[in-house]
Undergrad: 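Pasting in a structure now, in structure tokens, and then I'll have a few things to ask.
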Amino acid sequence: MEIGYGFCSHFLIILMDFLFILLEKKTGTGKTTLSTDHNRYLIGDDEHCWSENGVSNIEGGCYAKCIDLSREKEPDIWNAIRFGTVLENVVFDEHTREVDYSDKSVTENTRAAYPIEYIPNAKLPCVGPHPKNVILLACDAFGVLPPVSKLNLAQTMYHFISGYTALVAGTEDGIKEPQATFSACFGAAFIMLHPTKYAAMLAEKMESNGATGWLVNTGWSGGSYGTGKRIKLSYTRKIIDAIHNGSLLKAEYNKSKIFGLETPTAVEGVPAEILDPVNAWADKDAYNETLLKLAGLFRKNFETFTNYTIGKGGDNLTEEILAAGPIF
């Protein structure tokens, strides 16, 4: 059985001689759901350290969104909700104490906090070897990012520094529909050093351990929010499986325009027409217009970082990372 770590919608801080990794909880991209999978051991869904010896979890529990939770879609999380689990913001019948997970009258941000050992395939103690895949999760409300892209090192650093996703309903107060947001290293409010420092640390860890970077979009396809549809969880799970079993490394790839992302031509269990986002849009002109709009937001956001030297590679590495962004 493979080992799952949670996913790198995260920030890094220096803590002695290793990286401290916090998978940010607010974005609603699917970190807890995707890392809880019966096909893989679970080390954790939130806070981890990546040292010279590998990865370890320092929390000992999970914090899952449970709006519209069902046994069919998320059986491990469903079964983890039992005595000892803390439920937040849920509505339940006062007589039967049965929870209505579809009720969002208090907030959509309903939560379940439970010990990690409530997950049957939790790896105890929560330690593991160096990861071979680093997955950046984004919930793209514009619907123009591919469901999965293979990233080179410069692209991984670019998208890590950018920290793009969408704030979705129920993750922050006042958010009723997805809004594009950039949060450096996916946790700008918490980091102490300049984001480029953490990007260089991540790159060094990935390069020394032969890890491959991936960008996985759990957001919309076939149109932006309001016209397109959210990418099915079952498709994203298939993509994660293909990353872990190595089949995506052997796939054929096309390079997308503007963002220059390497997108596979086929993933087992995922409709081919959604792998290249333009194919899922009925209105191609609207797609191109939206793609340019998002690219402009990326470029504007990254202007903040263009005057900083990144990593030991100096100006050369900095130029490589700038070139890894959208070109138009």
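Any value given below was found using the heavy atoms of this structure, including those in side chains, with hydrogens, waters and symmetry copies removed.
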Undergrad: Would you mind reporting whether Thr32 and Lys65 have side-chain heavy atoms less than 4.5 Å apart?
TA: no
Undergrad: Please name the pair of heavy atoms, one in Ala184 and one in Ile191, separated by the smallest distance, quoted to 0.1 Å.
TA: O-CD1, 4.2 Å
Undergrad: So, Asp276 side chain and Asn279 main chain: donor-acceptor pair closer than 3.5 Å or not?
TA: no
Undergrad: Please walk me through it: do Phe160 and Val134 pass side-chain contact (heavy atoms from CB on, under 4.5 Å)?
TA: CA-CA 11 Å; Phe160 178 67; Val134 173; over 6 Å; no
Undergrad: Establish whether Val90 and Val86 are linked, either directly or via other cluster members, by ILVMFWY side-chain heavy-atom contacts under 4.5 Å.
TA: no
Undergrad: Hey, is the main chain of Lys73 close enough, under 3.5 Å, to the side chain of Trp78 for a donor-acceptor pair?
TA: no
Undergrad: Is it the case that the side chain of Tyr164 and the backbone of Thr181 share a donor-acceptor pair, with hydrogens and angles ignored and the cut-off at 3.5 Å?
TA: no
Undergrad: Take Lys257 and Leu291 through the side-chain contact (heavy atoms from CB on, under 4.5 Å) test and state the conclusion after the steps.
TA: CA-CA 9 Å; Lys257 64 178 183 179; Leu291 180 65; 4.2 Å; yes
Undergrad: Is it true that a side-chain atom of Lys123 and a backbone atom of Val127 form a donor plus acceptor pair closer than 3.5 Å?
TA: yes
Undergrad: State, with a plain yes or no, whether a side-chain heavy atom of Pro131 is found less than 4.5 Å away from one of Asn133.
TA: no
Undergrad: So if you build clusters from Ile, Leu, Val, Met, Phe, Trp, Tyr with side-chain heavy-atom gaps below 4.5 Å, do Leu193 and Phe186 land together?
TA: yes
Undergrad: Do Leu87 and Val106 belong to the same hydrophobic cluster, where Ile, Leu, Val, Met, Phe, Trp and Tyr are linked whenever their side-chain heavy atoms lie under 4.5 Å apart, directly or via other members?
TA: no
Undergrad: Apply the side chain to side chain contact (heavy atoms under 4.5 Å, CB included) test between Val148 and each candidate in Leu261, Ile243, Thr263; give the one that qualifies.
TA: Ile243
Undergrad: Both conditions, 6.0 Å and 45 degrees, for the charged tip of Arg230 above the ring of Tyr225: are they met here?
TA: no
Undergrad: Is there a donor in the side chain of Arg111 and an acceptor in the side chain of Asn109, or the other way round, less than 3.5 Å apart?
TA: yes
Undergrad: For the residue pair Trp220 and Val144, establish whether any side-chain heavy-atom pair is separated by less than 4.5 Å.
TA: no
Undergrad: So, for Ile67 and Asp103, which heavy atoms are closest and what is the spacing to 0.1 Å?
TA: CD1-O, 4.0 Å
Undergrad: Start with the C-alpha gap between Glu88 and Thr110, add the side-chain angles, then the distance that decides, and say whether side-chain contact (heavy atoms from CB on, under 4.5 Å) holds.
TA: CA-CA 6 Å; Glu88 299 177 1; Thr110 56; over 6 Å; no
Undergrad: Mind checking the CD1-CD1 spacing from Ile119 to Ile77? Nearest 0.5 Å is all I need.
TA: 6.5 Å
Undergrad: Are Leu233 and Leu275 linked, directly or through intermediate hydrophobic residues, by side-chain heavy-atom contacts shorter than 4.5 Å (ILVMFWY only)?
TA: yes
Undergrad: Enter the distance from Asn254:CG to Ser149:OG here, rounded to the nearest 0.5 Å.
TA: 11.5 Å
Undergrad: Determine whether Asn57 and Ile116 make a side-chain contact, defined as any pair of heavy atoms from C-beta on separated by less than 4.5 Å.
TA: yes
Undergrad: Tell me the closest heavy-atom pair linking Pro115 and Gly84, and the distance in Å.
TA: CD-O, 4.2 Å
Undergrad: Got Val216 and Ile239 here, is their nearest side-chain heavy-atom distance under 4.5 Å?
TA: yes
Undergrad: When you measure from the side chain of Gln155 to the backbone of Gly260, do you find a donor-acceptor pair of N or O atoms at a distance under 3.5 Å?
TA: yes
Undergrad: Going by the rule side chain to side chain contact (heavy atoms under 4.5 Å, CB included), which residues pair with Asn217 if we only count those two or more places apart in sequence or in a different chain?
TA: Asp140, Leu145, Ile231
Undergrad: Ignoring hydrogens and angles, tell me if any N or O in the side chain of Lys132 forms a donor-acceptor pair with the backbone of His244 under 3.5 Å.
TA: no
Undergrad: First locate atom CG of Leu34, then atom OG1 of Thr218, and finally report the distance between them rounded to the nearest 0.5 Å.
TA: 7.0 Å
Undergrad: Considering residues, nucleotides and ligands other than Lys284, do more than 12 of their heavy atoms fall under 6.0 Å from its NZ?
TA: yes
Undergrad: Under 3.5 Å, is there a donor-acceptor pair between the Asn79 and Arg71 side chains?
TA: yes
Undergrad: So how far is it from Glu207 CD to Glu204 CD, rounded to the nearest 0.5 Å?
TA: 8.0 Å
Undergrad: Of Phe328, Phe182, Phe305, which is the lone residue that meets ring pair (Phe, Tyr, Trp, His ring centres under 6.0 Å) with Phe298?
TA: Phe182
Undergrad: Tell me whether Ser221 contacts the main-chain N or O of Ile274 through its side chain, where contact means a donor paired with an acceptor under 3.5 Å.
TA: no
Undergrad: With a 6.0 Å cut-off (strictly less than), is the heavy-atom count around CD of Glu289, excluding the residue itself, greater than 12?
TA: no
Undergrad: On the six-membered ring of Phe142, is Lys293 placed so that its NZ or CZ lies under 6.0 angstrom from the centre and within 45° of the ring axis?
TA: no
Undergrad: More than 12 foreign heavy atoms under 6.0 Å from CZ of Arg82: is that the case here?
TA: yes
Undergrad: Less than 4.0 Å between a side-chain N and a carboxylate O, is that true for Asp241 and Lys238?
TA: no
Undergrad: Determine yes or no for a side-chain-to-main-chain donor-acceptor pair under 3.5 angstrom, with Thr227 supplying the side chain and Gly223 the backbone.
TA: no
Undergrad: Would you say the side-chain atoms of Tyr253 pair up with the backbone N or O of Leu248, donor to acceptor, closer than 3.5 Å?
TA: yes
Undergrad: Can you tell me how far the CG atom of Asn245 sits from the CD atom of Glu268, to the nearest 0.5 Å?
TA: 8.0 Å
Undergrad: Are Thr33 and Glu74 linked by a side-chain donor-acceptor pair shorter than 3.5 Å?
TA: yes
Undergrad: Report yes if the side chains of Tyr235 and Pro147 come closer than 4.5 Å at any heavy-atom pair, otherwise no.
TA: no
Undergrad: May I ask whether Leu292 and Trp281 are part of the same hydrophobic cluster, defined by side-chain heavy atoms of I, L, V, M, F, W, Y residues being less than 4.5 angstrom apart, directly or through others?
TA: yes
Undergrad: Going from CG on Asp68 to OG on Ser70, what distance comes out if it is rounded to the nearest 0.5 angstrom?
TA: 8.5 Å
Undergrad: Examine the side chains of Glu320 and Tyr158 and answer whether a donor and an acceptor come within less than 3.5 Å of each other.
TA: no
Undergrad: Locate the shortest heavy-atom distance separating Cys62 from Leu42; write the atom from each residue and the value.
TA: SG-CD2, 3.9 Å
Undergrad: Where is the tightest heavy-atom contact between Thr290 and Ser224, given as atom of each residue plus distance?
TA: CG2-OG, 3.7 Å
Undergrad: Show the numbers, then the answer: is there a side-chain contact (heavy atoms from CB on, under 4.5 Å) between His130 and Val55?
TA: CA-CA 6 Å; His130 297 287; Val55 172; 5.9 Å; no
Undergrad: Locate the shortest heavy-atom distance separating Leu215 from Ala138; write the atom from each residue and the value.
TA: CD1-CB, 4.3 Å
Undergrad: Taking Ser183 for the side chain and Ala188 for the main chain, is one N or O donor matched with an acceptor at less than 3.5 Å?
TA: yes
Undergrad: Heavy atoms, side chains only, cut-off 4.5 Å: are Asp93 and Asp100 in contact?
TA: no
Undergrad: Determine whether Ile43 and His48 make a side-chain contact, defined as any pair of heavy atoms from C-beta on separated by less than 4.5 Å.
TA: yes
